[in-house]
Every structure is written in structure tokens, then in C-alpha cells.
Amino acid sequence: MRRGILTIATVGLLVTGGVTACGDDSGSDNDAGSDKKPKIGVILPDSKSSGRWENADRKFLEAAFKAAGVDYKIQNAQDDKSQFQTIADQMITDGVTALMIVNLDSGTGKAVLERAKSQGVATIDYDRLTLGGSAEYYVSFDNEVVGKLQGEGLSKCLTDKGVQKPVVAYLNGSPTDNNATLFKNGYDSVLKPKFDSGEYVKGPEQSVPAWDNAQGATLFEQMLTQTGGKIDGVLAANDGLGNAAISVLKKNKLNGKVPVTGQDADVQGLQNILAGDQCMTVYKAIKQEADAAAELAIGLAKGERKETGQTVKDPESGRDVPSVLLTPKLIFKENVKDVVADGFVTKEALCTAEYAKLCAEAGIS
């Protein structure tokens, strides 16, 4: 299923099953958390590919765990696979009863999930599905829809600029991240028919290892050189890669002339949109994602299972993974204010110095 959920509290799809709850020692020893104090471990992937992990996900997960009164530990692997596994091993040794991971790649994630399972620790894939993995739940946004919105956004911006037969370059996300594959499926569904018909011209395409923005800038500079500066639109898979492309366009005095996409609605991406250097972004209400995942993790830590009403098929194992998929939102300059109104970014962080006037013009108060 690919239907989005607006909020867990509103839709009410998480229904507790008939399982052992916290404080009930009468449950089976096989029930996660039945004979242990509930404790949740979370492993975030890095802090350089996107500001969301430390600025949003950590904050919202901590708030949810504190409100529920459960013990927790959140650590960041900083894009180090060895460190990712070390953190997981330590959390399991320290007695976590539920483990939530954002994998760095499916191989590393699968090994960690199997290790947790062997120790009776319940698991959740957060934001990224671990292919061939064994997590009890997967919580994310509908990532093919994210990509579709990116394709639609770029198409609108190219139409608004009146570009004929635009050459469109792709800066895809990390080749080891299943989300990057889903994003590409989404924007290909919009743009490939235009390439096939000759309405658009497919330009150079590169996947950016580990979502590394510096590498993204280098790759895009090579693309621009390769095409003799003839790139009319850039499908960048997130705001960080979008900003990498914009930095190169600025050096060539092409910023604002070449539409660039993004996603995450981070401060830098929104500032680029206000300045006219970025065409659009995709806003994912991280608080909804964190709250949904936290609710499931708290249940698992206490030995509870909840029904989500959704599944996603793991393309590697064929397993239907119980899931929560949330709905993303397309953001252009005219509705940047919606991201501020939702509390995802603050006016103070966004509307600094040269952006103050642009914020006022965009109705951000």
C-alpha cells in the first residue's frame, strides 16, 4: 500500500494488539520487554548529508520518549559503517528492548537487525527500508511520491521559464540508499515520458555516494563542463545536493536561470528558494514521522505490537513489512511560509540578514 497517513493521532491506525504491556510480568519470556525495563535505542546515519537528523529527528524523538517516560539513547553513526555496528552492539549489550535504525546501506542494516533479533530485541526501520531485513516495522514518507513531486516541481519551473527542449541533469542520491531508488522512480515517472517524446532532453546523470554534498558539487561541475554549460534544469535529490549544484551555477553566473530541485525543506534550501536560486523543495513533516516511529518503538519496548493498516513489500525478500507512510508536500516560494507556520523551521533561523526582506515579501511573519 502507498497511501499516506497525515498524523497517527488523527487517523488512529496504530491499534494495540493483545500482547504483554509494561509492568505485566505474567507475559511470555519471548515477548520483547516482558522481563526487562523498556529501553529504546536509536541510531541516526550522519549529520552532513542533511541537517534534519540532528536538528529535527533527534529533537522530536527525544520529546516523544520523554513524554512517555521511557529510557532511551540516540546516537549518530556519522556515516561510518563500523561505528554503526559498534553502536548497535553496545546498545544491545546495554539492554535496549527496542532498536530503531536509519541504515547506512542495506548490508550493514541487515546485519544489525539480525544481531538484534538473535538477542530478542525488537526493531524498526526508520526513514529507510533495509532490503532483505527483518525489522518489525518501517516508518517513512511515501518516497516515490516525494520523487514524483520533485519531477512535477521541476517541470512547472521549466514551463514557467518558457524553456524549449530543456536539457535536464540528474544528481541522484546515494546508490546504497533504497530511498534514493524510490525518489528516482518517482521523478522518472514524470520526466521519462518527456524525454521519450523529445519534449525534454536527458542530460548527464550521476549518483552521489553517501549523499556527500562536496562530491555532488564536483560531479555537477563536471556535468556542466561536459555539456559546455548547456544544462537547463537540475533534478537534485535533496536540498544539500541542490545547494551543491547552486554553488557551481553561481560560479558560472547561472544561478536563478537554471531551475534546481531539492527536498527536506531545510533552512538553506528554503533560503535558496526565497532568493530564486532553487525552484522547489519537498517538505516532509518530520515530527509526524518521529511521533509515529516513537509510538511503535515505545510499544515494542514494552512488548506490545500495534497494527498500522499498511504494508510495504521488500523487493529483495518479498516480505510485506508493516508500515507507516506519510504524505509529503510540494513547496514553492509562495508557500515557504507553510513550513514556518508548521514549526519545522523558525522565522529567526530562516529570515536572517539578506533574507529578511525576502521573507516579508513571501508573507513570513
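Remember, it's a predicted structure, so these values are computed and weren't measured experimentally. Side-chain atoms are counted along with the backbone in the values below, which use heavy atoms only and exclude waters and symmetry mates.
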Evaluation steps, side chain to side chain contact (heavy atoms under 4.5 Å, CB included), between Leu235 and Leu191: CA-CA 10 Å; Leu235 196 301; Leu191 299 177; 4.2 Å; yes
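- Residues Val167 and Leu154 fall into different hydrophobic clusters, defined by Ile, Leu, Val, Met, Phe, Trp and Tyr side chains chained together at heavy-atom separations under 4.5 Å.
- Taking 4.5 Å as the limit, some side-chain heavy atom of Leu241 sits within range of a side-chain heavy atom of Trp211.
- A heavy-atom distance below 4.5 Å is not found between the side chains of Asp232 and Lys165.
- Separation of atoms CZ (Phe141) and OH (Tyr283) is listed at 7.5 Å; rounding is to 0.5 Å.
- Listed for the Asn335 side chain is a donor-acceptor partner under 3.5 Å among the backbone atoms of Phe332.
- Listed here is the closest heavy atom pair of Gly173 and Ser207: O-CB, 3.6 Å.
- Contact check on Glu295 versus Lys306 returns a salt bridge, with a Lys/Arg side-chain nitrogen under 4.0 Å from an Asp/Glu carboxylate oxygen.
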Evaluation steps, side chain to side chain contact (heavy atoms under 4.5 Å, CB included), between Ser247 and Phe220: CA-CA 10 Å; Ser247 69; Phe220 184 70; over 6 Å; no
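- Ion pair Glu136/Arg305 flagged as a salt bridge, since at least one NZ, NE, NH1 or NH2 atom sits closer than 4.0 Å to an Asp/Glu carboxylate oxygen.
- When all heavy atoms of Ile273 and Met280 are compared, the pair lying nearest together is CD1-C, 3.6 Å.
- Ionic pairing of Asp291 and Lys287 is present here: one or more N-O contacts between side-chain nitrogen and carboxylate oxygen are shorter than 4.0 angstrom.
- A donor and an acceptor atom, one from each side chain of Asn143 and Asn179, are located under 3.5 Å apart.
- A donor-acceptor contact under 3.5 angstrom links the side chains of Ser49 and Asp46, judged on distance only.
- Between Pro45 and Phe84, the closest side-chain pair of non-hydrogen atoms is not below 4.5 Å.
- Across all non-hydrogen atoms, the minimal contact from Ala64 to Ile298 is O-CD1, 4.1 Å.
- Expressed to the nearest 0.5 Å, how far CG of Leu99 lies from CG of Leu113 amounts to 7.5 Å.
- In this structure, the side chain of Ser197 engages the main chain of Pro193 through a donor-acceptor pair within 3.5 Å.
- Applying the 6.0 Å contact sphere to NZ of Lys337 captures more than 12 heavy atoms from other residues, nucleotides or ligands.
- A 6.0 Å sphere centred on NZ of Lys202 holds more than 12 heavy atoms belonging to other residues, nucleotides or ligands.
- No side-chain heavy atom of Ile40 sits less than 4.5 Å from a side-chain heavy atom of Val96.
- At a threshold of 4.0 Å, the pair Asp266-Arg52 does not count as salt-bridged, since none of the basic side-chain nitrogens sits closer than that to a carboxylate oxygen.
- Checked options Leu182, Asn178, Val139; the residue passing with Leu129 is Asn178 (criterion: side-chain contact (heavy atoms from CB on, under 4.5 Å)).
- Put simply, the side chain of Gln83 never gets that close to the backbone of Gln78: no donor and acceptor are under 3.5 Å apart.
- Separating the CG atom in Leu296 from the OG1 atom in Thr308 is a distance of 7.5 Å, to the nearest 0.5 Å.
- In this structure, the salt bridge (charged side-chain N to carboxylate O under 4.0 Å, His left out) partners of Glu221, at least two apart in sequence or on a different chain, are Lys251.
- Between Asp125 and the options Thr130, Val321, Val102, Leu131, a side-chain contact (heavy atoms from CB on, under 4.5 Å) holds for only Thr130.
- Classification of the Tyr126-Trp53 ring pair by plane angle, with boundaries at 30° and 60°, yields perpendicular.
- The distance from the OG1 atom of Thr218 to the CG atom of Asp212 is 8.5 Å, given to the nearest 0.5 Å.
- Contact annotation: the side chain of Asp142 never approaches that of Leu326 to less than 4.5 Å [non-hydrogen atoms, C-beta and beyond].
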Kindly list each side-chain donor-acceptor pair under 3.5 angstrom involving residues 343-364, sequence neighbours excluded, with atom names and distances?
| residue | atom | partner | partner atom | Å |
| --- | --- | --- | --- | --- |
| Thr346 | OG1 | Ala349 | N | 3.0 |
| Lys357 | NZ | Glu361 | OE2 | 2.6 |

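- For the pair Asp127/Tyr138, no side-chain contact is recorded, criterion being any heavy-atom separation below 4.5 Å from C-beta on.
- A continuous path of Ile, Leu, Val, Met, Phe, Trp and Tyr side chains, each step under 4.5 Å between heavy atoms, connects Leu254 with Ile231, placing both in one hydrophobic cluster.
- Side chain of Ser174 to backbone of Thr176: a donor-acceptor contact under 3.5 angstrom is found.
- Ion pair Asp196/Lys194 not flagged as a salt bridge, since none of the NZ, NE, NH1 or NH2 atoms sits closer than 4.0 Å to an Asp/Glu carboxylate oxygen.
- Using a 4.5 Å cut-off on side-chain heavy atoms (C-beta onward), Ile43 and Met100 make no contact.
- Residue Asp71 is tested with Lys39, Lys66, Lys37, Lys302 for a salt bridge (Lys or Arg N to Asp or Glu O under 4.0 Å); the sole match is Lys37.
- Here the shortest heavy-atom pairing between Lys161 and Gly256 reads NZ-O, 2.9 Å.
- There is a side-chain donor-acceptor pair under 3.5 Å between Asn76 and Glu54.
- A salt bridge between Lys184 and Glu205 is present, with a side-chain N of the basic residue lying under 4.0 Å from a carboxylate O of the acidic one.
- For the pair Thr97 (side chain) and Ala301 (backbone), a donor-acceptor distance under 3.5 Å is present.
- Using a cut-off of 4.0 Å between Lys/Arg side-chain N and Asp/Glu carboxylate O, Arg319 and Asp314 are scored as not salt-bridged.
- Other residues, nucleotides and ligands contribute more than 12 heavy atoms inside 6.0 Å of the NZ atom of Lys333.
- The hydrophobic cluster containing Val163 also contains Val260, counting ILVMFWY residues as joined when their side-chain heavy atoms lie under 4.5 angstrom apart, directly or transitively.
- Here the closest non-hydrogen pair linking Leu330 and Leu149 is CD1-O, 3.6 Å.
- One hydrophobic cluster, built from ILVMFWY side chains closer than 4.5 Å, holds both Val190 and Phe195.
- Note that CD1 of Ile331 and NZ of Lys284 are 13.0 Å apart. Values are rounded to the nearest 0.5 Å.
- In this structure, the side chains of Thr327 and Val145 stay at 4.5 Å or more apart for every pair of heavy atoms.
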Residue pair Val42, Met91: steps toward the side chain to side chain contact (heavy atoms under 4.5 Å, CB included) verdict: CA-CA 9 Å; Val42 179; Met91 286 181 171; 5.6 Å; no
Side chain to side chain contact (heavy atoms under 4.5 Å, CB included) between Gln222 and Leu219, intermediate numbers included: CA-CA 5 Å; Gln222 292 168 355; Leu219 290 169; 3.8 Å; yes
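- Lys117 pairs by the salt bridge (charged side-chain N to carboxylate O under 4.0 Å, His left out) definition with nothing, not counting sequence neighbours.
- Remark: Asp57 CG to Glu289 CD distance equals 6.0 Å, nearest 0.5 Å.
- In this structure a side-chain-to-backbone donor-acceptor pair under 3.5 Å is present from Asp239 to Ala265.
- In this model, a donor atom of one side chain and an acceptor atom of the other lie less than 3.5 Å apart for Gln268 and Asn243.
- Inspection of the Asn172 and Tyr187 side chains reveals an N or O donor paired with an N or O acceptor under 3.5 Å.
- Side-chain atoms of Thr108 and Gln85 include no donor-acceptor pair closer than 3.5 Å.
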